[in-house]
Amino acid sequence: MRTQGLLISIDGTAGTGKSTVGKAVAAKLGYGFLSTGEMYRALAYTVFAKHIDPDDHDGVLAATRAMRFTFARQADATLKMFVDGEYLGAKLHLEEVGNVASRVSTNGEARRVLTEKMREVGETGGIVMEGRDIGTVVFPDADIKFYLDASAEERANRRFKQLKEAGENPNYDEILRLIKERDARDKGRAVSPLKPADDAIIIDTSLLNLQQVIDAVLEKIPHHAS
Ligand code: DC
């Protein structure tokens, strides 16, 4: 065991509730929670703000190297992320930023830079880290690994409902198309493609609600069955 506790990884496709589940599990254990997608999203945002082409390998790498990440643990377990001292907040969760994030994350060298930063944050343990390659690449020696998945149709349904509840006028077919496109890119990239680690516990969340997923995860954590 690491000095601060277990290192728990949660990987999986977009829209499976990894963040909500990870945060709830971390809060229950008194651990920190880091969503590593935020780092790729921050890179996407920076690339966009600096008018760098997301496919410009060297430009994206230089931007990644120049970013200074700091984290502050919040009451809800989240490690709030600052880039060069600035909190980027809700801007990172725009649909467009997610798509550029998926594009810049195909840059292998930029991934290595961000992976190093993730290791610095997680190496002492006592943390739930959520992403795409935490159990396979960032921490192949994580103490417990989870992989969450759900059908693309179910994830599109959930996103559709969320946007509708937020007062928007979403298009289901378009959401489904974007989800499938992102899955294909995340799973098909040459470097660190999205896939379950050999020793990951795979949970299909298609037919489960959030609480059931949280319970399923907690059940697998030694001495912390809820
Ligand atoms: O989880 P998310 O939607 O916030 O992630 C945004 C993008 O970042 C995702 O499409 C792929 C990339 N990502 C990654 O490549 N590796 C990670 N560990 C986390 C995210």
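In listed order, ligands and their atoms are each counted from 1.
- Of the N and O atoms on the side chains of Gln211 and Asp215, at least one donor lies less than 3.5 Å from an acceptor on the other residue.
- In terms of protein heavy-atom proximity, atom 19 (C) of ligand 1 is closest to Thr36 OG1, 3.5 Å.
- Taking atom 13 (N) of ligand 1 as the reference point, the nearest protein heavy-atom neighbour is Tyr40 CD1, 3.5 Å.
- Taking the charged nitrogens against the carboxylate oxygens, Asp55 and Arg103 do have a contact shorter than 4.0 Å, which makes a salt bridge.
- By the 4.0 Å N-to-carboxylate-O rule, Arg41 lies too far from Glu96 to be salt-bridged with it.
- Near Gly37, the atoms of ligand 1 lying under 4.0 angstrom from a non-hydrogen atom of the residue are 4 (O), 5 (O), 19 (C), 20 (C).
- Protein heavy atom nearest atom 11 (C) of ligand 1, with residue, atom name and distance: Asp186 OD1, 3.5 Å.
- The contact set between ligand 1 and Ser105, taken as ligand atoms under 4.0 Å from a residue heavy atom, comprises 11 (C), 12 (C), 15 (O).
- By the 30° and 60° cut-offs, the orientation of the rings of Phe82 relative to Tyr87 is tilted.
- Ligand 1 has at least one atom lying under 4.0 Å from a heavy atom of Arg111.
- Contact atoms of ligand 1 toward Arg41: 2 (P), 3 (O), 4 (O), 6 (C) (distance under 4.0 Å to a heavy atom of the residue).
- Annotation: Asp53, atom CG; neighbour count of heavy atoms from other residues, nucleotides and ligands within 6.0 Å is above 12.
- Atom NE2 of His93 is separated from atom CG of Leu88 by 10.0 Å, given to the nearest 0.5 angstrom.
- Set against the non-hydrogen atoms of Arg189, the atoms of ligand 1 under 4.0 Å away are 14 (C), 15 (O).
- The closest protein non-hydrogen atom to atom 1 (O) of ligand 1 is Arg132 NH1, 2.8 Å.
- Between Lys18 and ligand 1, no pair of N/O atoms sits closer than 3.5 Å.
- The distance from ligand 1 to the heavy atoms of Gly131 drops below 4.0 Å at these ligand atoms: 18 (N), 19 (C).
- Taking the charged nitrogens against the carboxylate oxygens, Glu116 and Arg112 have no contact shorter than 4.0 Å, which rules out a salt bridge.
- Evaluated by nearest non-hydrogen atom to atom 7 (C) of ligand 1, the leading choice among Gly12, Ala101, Ala44, Ser35 is Ala101.
- Note on Glu181 versus Arg177: salt bridge recorded, some NZ/NE/NH1/NH2 to OD/OE distance being below 4.0 Å.
- The protein heavy-atom contact nearest to atom 10 (O) of ligand 1 is Arg182 NH1, 2.9 Å.
- Nearest heavy atom pair, residue Phe71 against residue Val121, reads CE1-CG2, 3.6 Å.
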